[in-house]
Amino acid sequence: MTRSLDWDRVTDVDVVRAMEEYDRLGPEQFFAEHGFAPTTTYELIWDETPYPPKAILGTAYRYATGRRLASADFEGGKAGAVKVLVRLGFTVQHIQQPAK
């Protein structure tokens, strides 16, 4: 069941804070602590470093509101996390697949 979420409370500062936590903990511990998984379609790019957009936005939401989200609580794709992150001024792109 998807609940109504107040994305307007999330700021770019919250997103940067979540990325800093991701860098500090590393992917495995970050995913374990926040209940998300690695990204498969999109990546958030910050200082030329890729981040998992849904996991970062979900963590930023917790910083902004104090409420923890599960992965199933919101969409991660173009109409979900990607849209919110782009609105906040971040670059989100499709993951580049290696050439065959």
Side-chain angles (χ1 to χ4, degrees):
M1 178 168 114
T2 302
R3 296 174 279 187
S4 178
L5 302 174
D6 188 5
W7 293 117
D8 290 339
R9 293 181 59 188
V10 178
T11 67
D12 59 335
V13 173
D14 299 313
V15 173
V16 170
R17 186 174 167 200
M19 289 186 287
E20 289 171 345
E21 182 180 359
Y22 181 91
D23 290 339
R24 183 174 48 80
L25 295 177
E28 287 184 32
Q29 187 175 352
F30 184 88
F31 295 138
E33 288 190 15
H34 294 285
F36 290 93
T39 187
T40 58
T41 307
Y42 292 98
E43 57 191 3
L44 166 62
I45 305 297
W46 181 254
D47 285 341
E48 299 180 20
T49 303
Y51 294 90
K54 188 173 185 180
I56 294 298
L57 185 60
T59 302
Y61 189 85
R62 182 176 54 87
Y63 289 143
T65 67
R67 192 169 121 217
R68 183 180 174 128
L69 296 177
S71 184
D73 289 338
F74 67 105
E75 295 294 323
K78 205 175 193 179
V82 171
K83 182 178 179 179
V84 174
L85 290 165
V86 168
R87 182 176 46 84
L88 289 170
F90 292 96
T91 299
V92 182
Q93 64 189 27
H94 271 97
I95 292 177
Q96 300 296 318
Q97 300 299 325
K100 293 182 181 184

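When reading the values below, keep in mind they use all heavy atoms of this one structure, side chains included, and skip hydrogens, waters and symmetry mates. Note that the numbering runs from 1 along the sequence shown for the chain.
The minimum heavy-atom distance between A55 and F31, with the atom names listed, is CB-CE2, 4.0 Å. Across all their heavy atoms, G35 and S71 have their closest contact at O-CB, 4.1 Å. For A60 against A18, the heavy-atom pair with the smallest separation is N-CB, 3.9 Å. When every heavy atom of A81 is checked against every heavy atom of G76, the shortest pair comes out as CB-O, 3.6 Å. Considering all non-hydrogen atoms of both residues, A64 and V10 come closest at CB-CA, 3.9 Å. Shown here for L85 and P53, the closest heavy-atom pair between the two residues is CD1-CB, 3.5 Å.
For R9, there are no salt bridge (charged side-chain N to carboxylate O under 4.0 Å, His left out) partners, not counting sequence neighbours. Taking W7 as the reference, Y61, F74 meet the ring pair (Phe, Tyr, Trp, His ring centres under 6.0 Å) condition, with sequence neighbours excluded. By the side chain to side chain contact (heavy atoms under 4.5 Å, CB included) test, V13 is found to be paired with T11, residues two or more places apart in sequence or in another chain being considered.
Linking ILVMFWY residues whenever their side-chain heavy atoms come closer than 4.5 Å, directly or via other members, leaves V15 and I45 in distinct clusters.
Among pairs with a residue in residues 33-56, none fulfils salt bridge (Lys or Arg N to Asp or Glu O under 4.0 Å), at least two apart in sequence or across chains. Judged as a side chain to side chain donor-acceptor pair (under 3.5 Å), not a single pair has a partner in residues 77-92 (not counting sequence neighbours).
To the nearest 0.5 Å, atoms CE (M19) and CG (L44) are separated by 5.0 Å. Atom CG of residue L57 and atom CZ of residue F36 lie 8.0 Å apart, to the nearest 0.5 angstrom. Annotation: the span from Q93 atom CD to Y42 atom OH amounts to 11.5 Å, rounded to 0.5 Å.
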Using residues 21-28 as the side-chain source, report each donor-acceptor pair under 3.5 Å to any protein atom, sequence neighbours left out, with the distance given to one decimal.
| from | atom 1 | to | atom 2 | distance (Å) |
| --- | --- | --- | --- | --- |
| E21 | OE1 | H34 | NE2 | 3.4 |
| E21 | OE1 | Y63 | OH | 2.2 |
| E21 | OE2 | H34 | NE2 | 2.9 |
| D23 | OD1 | Y51 | OH | 3.0 |
| D23 | OD2 | Y51 | OH | 2.8 |

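L5 places a side-chain heavy atom less than 4.5 Å from the side chain of L69.
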task: Check the pair F90, V84 against side-chain contact (heavy atoms from CB on, under 4.5 Å), reporting the backbone distance first and the verdict last.
output: CA-CA 9 Å; F90 292 96; V84 174; over 6 Å; no
